[in-house]
Amino acid sequence: MKRGMTSSFAWRRGLHGVLNWVFPTDAETCAVCGRPSLTTDAAPLWQSPSDSSRLCPFCVQDLERCRIAVECHALQVERAPYGRIDVYSGIDYDAFVRTLFRSFKYDGVIELAPFFSHVLLACWQELGEAGCDCVVPVPTAADRMRKRGYDHVRILADMVADRVQLPIRAALVRVQRPGGFTQSQTAKNAQLRRRELEGGFVANRERPIGGRRVLLLDDVATTGATLAACANILFASGAQSVIAMVAARVR
Ligand SMILES: [Zn+2]
């Protein structure tokens, strides 16, 4: 797996690009809304020229209007030294952001990754001098990874880790349970989710966390149950500290 993508997913994307180059009449459409994705001269700050192709100017404009306001809230984590960890988030999970995440997570629109990593980097700036030794992404279940061809959180983690110059440490593994906790998350209440997620993650024995200071990274925080479960395992495996960062937070 390279940079959060399976080789077949990366290959399909490459082929798509080649086909569009060979048959330019096959106009590109926006990966989010389906409108033609005309190239814009003024690319937004967070976008590199190579990933501007599949978003239309309207969606780029909408993204630019997304207000980034970094917030920090405390999340209860049993094993944390003070019983809680800080969770930083950059944007609200409103209807527009929900659409974006759906495209990013389920429809292969990884062109949105630069935007979300831009949001996460804004959170990083707010962290100030808080020391971190490594980035630990919340892992995606292996069957989902196979089905979708990419791990959207890992893609974000790679981008953020590059920018903040920290190594990625895949210290967590998601345990698969048939028909279990990987169902719809938002529909469930916090208590139920916490119970279901207990044991949903395990420490990766090949990547022990030791006494490291962890920057735990995920896309969205809904009830916080996922982050709490992961942080508990990290502390149980000897992590010195855990700070969490998510792009969006559901209120
Ligand atoms: Zn669009």
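Atoms within each ligand, like the ligands themselves, are counted from 1 in listed order.
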Legend entry - Pairwise side-chain contact, Val97 with Cys66, heavy-atom cut-off 4.5 Å (strictly under):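 They are in contact (side-chain heavy atoms under 4.5 Å apart), so the answer is yes.
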Legend entry - Tally of protein N, O or S atoms, where distance to the Zn ion (ligand 1) is under 2.8 Å: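 Protein N, O or S neighbours of the Zn ion (ligand 1) under 2.8 Å, waters not counted, come to 4.
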Legend entry - Under the salt bridge (Lys or Arg N to Asp or Glu O under 4.0 Å) test, residues paired with Arg84 that sit two or more places apart: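 Counting only residues at least two positions away or on another chain, Arg84 forms no salt bridge (Lys or Arg N to Asp or Glu O under 4.0 Å).
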Inset, instruction - Can you spot which of Gln125, Glu126, Met245 makes a side-chain contact (heavy atoms from CB on, under 4.5 Å) with Val70? - result: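 Per the side-chain contact (heavy atoms from CB on, under 4.5 Å) rule, the option paired with Val70 is Glu126, out of Gln125, Glu126, Met245.
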Inset, instruction - Quickly, which of Val214, Ile85, Leu127 forms a side-chain contact (heavy atoms from CB on, under 4.5 Å) with Ile243? Name it, please. - result: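 That would be Leu127.
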Legend entry - Validation row, ring centre Phe101 to ring centre Phe116 under 6.0 Å: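 Ring centres of Phe116 and Phe101 closer than 6.0 Å.
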Inset, instruction - Indicate yes or no: does Arg251 engage Asp92 in a salt bridge with an N to O separation below 4.0 Å. - result: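 Yes, this pair counts.
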